[in-house]
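Presented below is the structure to which this report refers.
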Number of protein chains: 2
Amino acid sequence: MYSIGQAAELTGFSIDTIRYYEKIGLTKPPERSAGGMRSYSEDDVKLLSSLHCLKRTGLGLEEMKAFLQEGRCFANAAFPLSGEDREAIESRTRILGEHLTRMEAQYRALADLIGQTKEKLDFYQDLLNREGAAK
Amino acid sequence: MYSIGQAAELTGFSIDTIRYYEKIGLTKPPERSAGGMRSYSEDDVKLLSSLHCLKRTGLGLEEMKAFLQEGRCFANAAFPLSGEDREAIESRTRILGEHLTRMEAQYRALADLIGQTKEKLDFYQDLLNREGAAK
DNA sequence: TGTTGACCTGGAGTCAACTCCAGACTCTAC
DNA sequence: GTAGAGTCTGGAGTTGACTCCAGGTCAACA
């Protein structure tokens, strides 16, 4: 188990940010020590790390919340699925699909930008090299 | 030439945002009509569109500004380069290199997330299909 | 057992990036 | 030539996402 300070260290978030996410309901409250200190499990830390990763792709907190909701486990769902479950799964499939589309668009945009940036870099490098060679 | 409303339509930014970017010096002021209305060229619109693209990769406005600065053309630089030019090019190479590194990290993170999301989607799809088959 | 450093809470403050507003001007179409 | 839509300016307001603070508590070690 990890203290909030250790969790912060491991995940890349600040202590304040971790508490903030808990306050707004993005993450579930962790266990507490007898004295009331937050205590994070390995899984909690993993979840926070993947949130950090998500955040870096430009996702807003509300979107992240939605994304996390998708995680509810249907692995042991009873068959046949109840109408309710079916609807939940269909709704999640839709939300996830939309999110995927957005991420893929972002992925392509990023690939383009990386390409352009590399070209620029090559151009500058070339300029400097030519200089060196001309000496 | 396009009015600010048309430019907004074409680029995906709001009118206010376009004016805001001009105000903070991210974009250069466009031409004006005799009456004082902003008038955007094809190139202006293209630039704004690529800003919109940059923004979606999570770049902040200050970073975007720096990124745009990189564009100053050295294509016709005199040889040998002056010490000043050389320094400018070296500095830009460094900034661009750092930006590239960040973008590549983001690219990898995004690829991971896309993979994970696809897995989840497959899982749900499977659940729904199994249901259909069991009928 | 006392001190020191990490942690607690609720709430206020900050910062980037817009977004909205009022009141005046411009442009286009009838 | 006038009605209505679009645009102008400077400045105030909003939103999301933290970040900081005061005043107190907890935990580990000398």
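Order of the sequence lines sets the chain letters (A, B, ...), proteins ahead of strands, with each chain counted from 1.
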Report task. Starting from the first five and the last five pairs of the helix from dT1(C)-dA30(D) to dC30(C)-dG1(D), work out the angle between the resulting helix axes, to 10 degrees. Result -> 20°
Report task. Please name all residues satisfying side chain to side chain donor-acceptor pair (under 3.5 Å) with Y2(A), sequence neighbours left out, ordered by chain then number. Result -> E42(A)
Query raised in the report: To the nearest angstrom, how far is Y20(B) atom OH from dT19(C) atom P?
Result: 10 Å
Requested in this report: Go through the structure and list residues passing salt bridge (charged side-chain N to carboxylate O under 4.0 Å, His left out) with K23(A), not counting sequence neighbours.
Outcome: none
Query raised in the report: Hey, is E90(A) close enough to R86(A) for a salt bridge, meaning N to O under 4.0 Å?
Result: yes
Report task. For E62(B), check side chain to side chain donor-acceptor pair (under 3.5 Å) against everything at least two apart and list the hits. Result -> none
Report summary line: note: K65(A), atom NZ; dA17(D), atom C1'; distance rounded to Å ~ 13 Å
Could you run down the sub-3.5 Å N/O contacts of the protein with nucleotides 6-10 of chain C?
from	atom 1	to	atom 2	distance (Å)
dC7(C)	OP1	S3(A)	OG	2.8
dC7(C)	OP1	G5(A)	N	3.0
dC8(C)	OP1	R38(A)	N	2.8
dC8(C)	OP1	R38(A)	NH1	3.0
dC8(C)	OP2	R19(A)	NH1	2.6
dC8(C)	OP2	R38(A)	NH1	3.3
dC8(C)	O3'	R32(A)	NH1	3.4
dT9(C)	OP1	R32(A)	NH1	3.2
dT9(C)	OP1	R32(A)	NH2	3.0
dT9(C)	OP2	R38(A)	NH1	2.8
dT9(C)	OP2	R38(A)	NH2	2.7

**Report entry** Between CG on residue L61(B) and OH on residue Y21(B), distance to nearest 0.5 Å
**Finding:** 5.0 Å
Query raised in the report: With no hydrogens and no angle check, is any side-chain donor or acceptor of E104(A) less than 3.5 Å from a backbone partner on T101(A)?
Result: no
Requested in this report: Using atom CD of E9(B) as one end and atom P of dT7(D) as the other, report the distance to the nearest whole Å.
Outcome: 10 Å
Query raised in the report: Which whole-number value in Å describes the distance from I18(B) CD1 to dC20(C) P?
Result: 15 Å
**Report entry** For K65(B) against G25(B), the heavy-atom pair lying closest together
**Finding:** CE-O, 3.7 Å
Requested in this report: Considering just the side-chain nitrogens and oxygens of S14(B), establish if one lies under 4.0 Å of OP1 or OP2 belonging to dT19(C).
Outcome: yes
Query raised in the report: Whole Å only: how far is the CD atom of E62(A) from the C1' atom of dA17(D)?
Result: 11 Å
**Report entry** dA17(C) phosphate, OP1 or OP2, under 4.0 Å from T17(B) side-chain N/O
**Finding:** no
Requested in this report: Starting at atom CE of M1(B), determine the distance to atom P of dC27(C), rounded to an integer number of angstrom.
Outcome: 14 Å
Query raised in the report: In whole Å, what is the span from the NZ atom of K55(A) to the C1' atom of dG16(D)?
Result: 11 Å
**Report entry** Least distance between heavy atoms, E22(A) atom then P30(A) atom
**Finding:** OE1-CD, 3.5 Å
Query raised in the report: So, is Y21(B) close to the dC18(C) phosphate, meaning a side-chain N or O under 4.0 Å from OP1 or OP2?
Result: yes
Query - For atom CZ of F13(A) and atom C1' of dT19(D), their distance in whole Å - result: 15 Å
Pairs of donor and acceptor atoms involving the side chains of residues 109-117 of chain A, under 3.5 Å and at least two apart or interchain, shall be tabulated with distances.
from	atom 1	to	atom 2	distance (Å)
T117(A)	OG1	L113(A)	O	2.7

